[in-house]
Amino acid sequence: MTIGLPLQAPSPSGLIWRITRNEDAASDAERAEILQSPGFGVHFTDHMVDLCWSDKGGWHRPRVSPYGPIQLDPAAAVLHYSQEIFEGLKAYRHADGSVWTFRPDRNAARLQRSARRLALPELPTELFIESLKQLLAVDSAWVPSNAEESLYLRPFMFAKEAFLGVRAAKKVAYYLIASPAGPYFPTGVAPVSIWLSTNYARAGHGGTGAAKTGGNYASSLLPQAEAYEKGCQQVLFLDGEYIEELGGMNVVLVTRDGRLITPESDSILEGITLASILELAKDRGLTVEQRKLSINEWREGAASGEIIGAFACGTAAVVVPIGKLMAEDFEIVHEGPESTELAMSLREELTDIQYGRREDTHGWLVRLDA
Ligand SMILES: *Cc1c(COP(=O)(O)O)cnc(C)c1O
């Protein structure tokens, strides 16, 4: 049985939400067991959000429904031409039990930029944030309270029009699902090894590298498998001789005199973790350089001792020191406490803000459960 009840009317967007409670929701005991050891991306909350878009009607029919399979026509455009985009952010539980998220306006703006590149409709920021609040209104019990755990929020949008011609779809769906996430490093943060991919590129100029779209990930899977074979956890992609990023994380180099250098390129995904880490570094009076950065500069800087460390950053893992870069014919190694010190202290400052352990002087947090 389903019950259709508008949860709040009118909502800030002016749309009336249809809320259908999951009659088969996990019991308190079942949920507690999952939250004991949530892993990443394997368990999902009891509900999901979806909205429809059509070229005639715009965004309409916002719903909260029981989490479950989506029915799609086999001719749905996304299954053939990959017209799809997504986002990733987290909900954090603070010590007083309240639930917050981090810079969701940035995720909303990035989803809009991705939408423009993939010829999808833009979801207004207000509706994006409303979707997060509506899901949390029914599923906030799924936000873990253990240290360094969170509820990972995955908004996504795809072309659902059943049509095999090649053009932008006139019917689109937006969904939001959520998955409790354990600490990314259950045994403590440890430096990773990365593989330098020279036979595969992640993106090219004028391509979709700056959009958060599934196709970029599909093309990174083969080089990622190559990295695993070489005993590395991640791949670093280049554009010619210039450093781009990992498959799903941005890269930063640290110099002996405390500068942070990160590549600038129109085919890199603009990470919100990166932007936030760079702001925290500037607040400390450190110099931040965002510019073209060649692999040779890293190699020579590491050899001369000018570059003392490197790290990767993104929402899922926050900040991860890079201990080793392996390439076909050379290796760069960063070891010792000085190679990870700055990365680890920026990581701690950022997570302290996210979990409410330190004052949010930038106004980055948005409350989701009130
Ligand atoms: C999502 C993503 C990142 C990191 O972005 P955050 O906003 O920090 O999570 C970096 N690179 C790619 C390719 C991504 O998809």
Side-chain angles (χ1 to χ4, degrees), residues 40-41 82 84-92 101-115 117-118 125 128-129 132 150-157 178-179 181 184 192 194-195 197 200-205 207-224 227 233-239 242-252 260 262-281 288 290 293 310-320 322 343 346-347 349-351 353-354 362 364-366:
F40 184 82
S82 297
E84 185 269 353
I85 55 177
F86 66 96
E87 269 304 322
L89 67 170
K90 288 171 167 176
Y92 308 89
T101 193
F102 184 73
R103 310 187 82 177
D105 53 314
R106 290 293 186 114
N107 295 90
R110 190 169 65 189
L111 189 68
Q112 290 156 6
R113 290 200 299 278
S114 299
R117 181 62 187 84
L118 274 290
T125 301
F128 178 87
I129 293 174
L132 306 178
S150 60
L151 183 65
Y152 183 77
L153 305 171
R154 167 52 61 86
F156 59 106
M157 191 191 294
S179 171
Y184 200 85
V192 295
I194 59 178
W195 171 247
S197 185
Y200 300 107
R202 175 185 169 272
H205 296 288
T208 57
K212 217 169 170 72
T213 180
N216 294 340
Y217 280 74
S219 69
S220 76
L221 298 178
L222 181 60
Q224 177 68 51
Q233 291 100 320
Q234 291 281 335
V235 208
L236 176 65
F237 291 101
L238 296 177
D239 168 16
Y242 294 103
I243 297 169
E244 291 265 290
E245 59 172 320
L246 306 187
M249 279 190 275
N250 298 114
V251 173
V252 182
L260 297 180
T262 193
E264 185 166 67
S265 150
D266 60 11
S267 43
I268 290 179
L269 196 283
E270 282 178 62
I272 296 159
T273 313
L274 174 68
S276 309
I277 288 286
L278 296 183
E279 273 195 56
L280 295 178
V288 167
Q290 208 151 6
L293 176 60
F311 62 88
C313 55
T315 296
V318 195
V319 170
V320 194
I322 296 172
L346 287 167
R347 178 194 168 91
E349 185 175 351
L350 183 62
T351 53
I353 294 169
Q354 291 169 332
H362 299 87
W364 283 341
L365 298 185
V366 171

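First listed ligand is number 1; within each ligand, the first listed atom is number 1. Bear in mind the structure is a predicted one, so any value in this text is a computation, not a measurement. Atoms considered below: every heavy atom in the structure, side chains included; atoms not considered: hydrogens, waters and symmetry mates.
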Query - Identity and distance of the protein heavy atom lying nearest atom 13 (C) of ligand 1 - result: R202 NH2, 3.2 Å
Query raised in the report: Does I272, backbone or side chain, put an N or O under 3.5 Å from an N or O of ligand 1?
Result: yes
Report summary line: min-distance protein heavy atom vs atom 8 (O) of ligand 1 -> T273 OG1, 2.6 Å
Query raised in the report: Who's the nearest protein heavy-atom neighbour of atom 3 (C) of ligand 1, and how far?
Result: G248 O, 3.3 Å
Requested in this report: Using a 4.5 Å cut-off on heavy atoms from C-beta on, say whether the side chain of I277 contacts that of V319.
Outcome: yes
Report task. Could you find the nearest protein heavy atom to atom 9 (O) of ligand 1 and give me its residue, atom name and distance? Result -> T315 OG1, 2.6 Å
Query - Heavy atoms from other residues, nucleotides or ligands near CZ of R113 exceed 12 (cutoff 6.0 Å) - result: yes
**Report entry** Polar side chain donor-acceptor pair, T208 to N216, under 3.5 angstrom
**Finding:** yes
Report summary line: All heavy atoms of R154 vs all of E87, minimum pair found to be NE-O, 2.9 Å
Query raised in the report: Is it true that the side chains of Q112 and T125 contain a donor and an acceptor less than 3.5 Å apart?
Result: yes
Query raised in the report: Got a second to check how far N250's CG is from I268's CD1, nearest 0.5 Å?
Result: 6.5 Å
**Report entry** Protein contact to atom 14 (C) of ligand 1 [nearest heavy atom, distance to 0.1 Å]
**Finding:** K212 NZ, 3.0 Å
Query - Residue and atom name of the nearest protein heavy atom (relative to atom 15 (O) of ligand 1), distance in Å to one decimal - result: Y217 OH, 2.4 Å
Query raised in the report: Hey, which atoms in ligand 1 end up nearer than 4.0 Å to a heavy atom of G271?
Result: 5 (O), 6 (P), 7 (O), 8 (O)
Query raised in the report: Taking non-hydrogen atoms only, is E245 closer than 4.0 angstrom to ligand 1 via side chain, backbone, both or neither?
Result: side chain
Query raised in the report: Which of the numbered atoms in ligand 1 are below 4.0 angstrom from a heavy atom of R110?
Result: 5 (O), 6 (P), 7 (O)
Requested in this report: Please could you name the atoms of ligand 1 that G247 approaches to less than 4.0 Å, counting only its heavy atoms?
Outcome: 13 (C)
Query raised in the report: Are Y92 and F102 close enough that their ring centers fall under 6.0 Å?
Result: no
Query raised in the report: What atoms in ligand 1 come closer than 4.0 Å to a heavy atom of G314?
Result: 4 (C), 8 (O), 9 (O)
**Report entry** Electrostatic pair E245:R202 at N-O distance under 4.0 angstrom
**Finding:** yes
